[in-house]
Amino acid sequence: MTVSTAFNAYLNAPDPDIPLDIVPVGGRIGAEVRGLKLSADLTPEQLKAARAALVRHKVLFFRSQQHLDDEGQEAFGRAFGDPFEHPTVPSRGNFLFELDSHHGARANHWHTDITFVPGYPFASVLRAVTIPPAGGDTVWANTVAAYKDLPEPLRQLADGLRAIHTNAYDYAAERPNATEEQRKLFAAIFARIVYETEHPVVRVHPESGERTLLLGGFVKQFVGVPPQDSRALYDRLQSYVTRLENTVRWRWSEGDVAIWDNRATQHYAIDDYGAQHRIVRRVTLAGDVPVGVDGRESRAIKPEPEPLLEAAE
């Protein structure tokens, strides 16, 4: 049995010991959870089951959660994990991050959230507040499936690579239709403090033990590889992430909620809705520092980490 055949068989098998109504959406990623009303009052068993389903399916969708307001979304986030504050962008509430298209917030590039810091979020909880009549879908990609799809020589190469991630990336290239004012605002807020982190290109998932490609739009360069060669190598590895077979696309309705495993996915918010208004709000949940195949952890480069104080004698 090939790796891909075994992987597909695993995904299509019934969920073991998960007392939730789960319906797969994509062949390799994504499932809709039906009949569950998200709140901070979910039982420990329900929260545990939801987390197990998340690790398995990488992204979960919950329709018609109109009962959730900002406070309720934050409360559910606290029940599901430890909220994570964005290092540069102010939140709407304590930990609620808003993406409003009228303010230029259109994350239309493939990325994993906030990988420019070592302990980036383990998951995000995204709620649809205002959705255009047409367009504005989001696509997620399964980076575990992408790793499994790599030919063996590429897999061995990726296992030994490390990459520098930064928030000081080329915003103009990613958003060619952005106004000069929006670009200046981005530089003043998102990149007001420049972060750089060295991550393994292949991290070992701390819960499932799966190997997952850690790439996305915040990658600046591979360690020890010249910039031009880095770009060519990045494009080759990234092409396995964004293969349609490894993706799932969600057509939002207002009140929908998506939760994704940020350690095993990338996502892309499609900017195809013109001047129509789109607002989504997100709570991110703190994660751990990635570990590579060789057991080495990620490390901060910028800002320079504080030196450890020697223990007093």
Side-chain angles (χ1 to χ4, degrees), residues 15 18-26 29-43 46-54 56-81 83-84 86 89 91-108 113 121-141 247-262 265 267-285:
D15 283 306
I18 295 181
L20 298 174
D21 185 5
I22 298 175
V23 180
V25 176
I29 177 175
E32 181 182 345
V33 181
R34 297 177 176 174
L36 188 66
K37 187 175 181 179
L38 297 179
S39 77
D41 298 326
L42 293 181
T43 66
Q46 288 173 317
L47 291 170
K48 181 180 179 180
R51 181 140 178 167
L54 180 66
R56 180 180 178 129
H57 295 286
K58 316 310 182 199
V59 56
L60 302 178
F61 303 106
F62 303 80
R63 291 193 181 275
S64 303
Q65 303 289 315
Q66 283 88 348
H67 63 281
L68 280 181
D69 55 12
D70 291 355
E71 183 178 349
Q73 183 181 358
E74 284 199 41
F76 169 73
R78 290 179 185 278
F80 201 66
F84 177 96
H86 196 286
V89 181
S91 62
R92 174 182 172 86
N94 290 332
F95 293 98
L96 201 67
F97 182 70
E98 181 173 87
L99 293 161
D100 186 335
S101 64
H102 282 183
H103 297 155
R106 303 187 185 214
N108 58 324
D113 285 334
F122 102 83
S124 288
V125 180
L126 190 68
R127 175 171 60 100
V129 178
T130 300
I131 297 298
D137 297 358
T138 302
V139 184
W140 284 264
T247 66
V248 64
R249 179 168 175 162
W250 187 252
R251 172 60 195 152
W252 293 99
S253 296
E254 292 179 4
D256 287 356
V257 171
I259 306 175
W260 63 91
D261 187 338
N262 200 49
T265 59
H267 57 282
Y268 187 113
I270 302 173
D271 183 7
D272 61 350
Y273 48 94
Q276 300 176 93
H277 202 189
R278 182 181 187 271
I279 299 175
V280 293
R281 293 181 184 145
R282 185 184 77 199
V283 173
T284 53
L285 304 175

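- Nearest heavy atoms, S101 versus Y273: CB-OH, 3.6 Å.
- Proximity of a side-chain donor or acceptor of T284 to a complementary backbone N or O of F84 within less than 3.5 Å is detected.
- Atom OG1 of T130 is separated from atom CG of D100 by 8.0 Å, given to the nearest 0.5 angstrom.
- In this structure, the side chain of D272 engages the main chain of G136 through a donor-acceptor pair within 3.5 Å.
- One distance of note links CZ of F62 with CZ of R34; it measures 13.0 Å at 0.5 Å rounding.
- A salt bridge is defined here as a Lys NZ or Arg NE, NH1 or NH2 lying under 4.0 Å from an Asp or Glu carboxylate O, and K58 with D261 fails to meet this definition.
- Counting only distance, with no hydrogens or angles, the side chain of Q276 and the backbone of A134 share a donor-acceptor pair below 3.5 Å.
- Across all their heavy atoms, A53 and I22 have their closest contact at CB-CD1, 3.6 Å.
- Checked by atom type, the side-chain pair N262/H267 shows no donor-acceptor distance below 3.5 Å.
- Taken to the nearest 0.5 Å, the CD1 atom of I270 stands 7.0 Å off from the OG1 atom of T138.
- Residue pairs satisfying the salt bridge (charged side-chain N to carboxylate O under 4.0 Å, His left out) criterion with at least one member in residues 122-132, sequence neighbours excluded, are listed as follows: D70-R127.
- Not one N or O on the side chain of Q73 forms a donor-acceptor pair closer than 3.5 Å with the backbone of E71.
- The closest donor-acceptor contact from the side chain of E254 to the backbone of I131 lies under 3.5 Å.
- When all heavy atoms of A50 and F80 are compared, the closest pair comes out as CB-CE1, 3.9 Å.
- W260 CH2 to L54 CG: the interatomic distance, rounded to the nearest 0.5 Å, is 11.0 Å.
- No donor-acceptor pair under 3.5 Å is formed between the side chain of S253 and the backbone N or O of D256.
- Among all heavy-atom pairs drawn from R251 and P133, the shortest one is NH2-O, 2.9 Å.
- Here the shortest heavy-atom pairing between R278 and V280 reads NH1-CG2, 3.9 Å.
- Interatomic distance, R281 CZ to E74 CD, rounded to the nearest 0.5 Å: 10.5 Å.
- A donor-acceptor pair under 3.5 Å is absent between the side-chain atoms of Q65 and the main chain of A128, judged by distance alone.
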**Request:** For side chain to side chain contact (heavy atoms under 4.5 Å, CB included), just list the numbers for F76 and L42, CA-CA rounded to whole Å, side-chain angles, deciding distance to a tenth of an Å, and then say yes or no.
**Result:** CA-CA 9 Å; F76 169 73; L42 293 181; 3.8 Å; yes
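- Scanning all heavy atoms of the two residues, the minimum distance from A141 to T247 falls at CB-CG2, 4.0 Å.
- Because its NZ or CZ atom is both nearer than 6.0 Å to the ring centre of F122 and within 45° of the ring axis, R51 counts as a cation-pi partner of that residue.
- When each of W252, F97, W250 is paired with L126, the side chain to side chain contact (heavy atoms under 4.5 Å, CB included) condition holds for W252 and for no other.
- A side-chain donor-acceptor contact under 3.5 Å links H67 to the backbone of L38.
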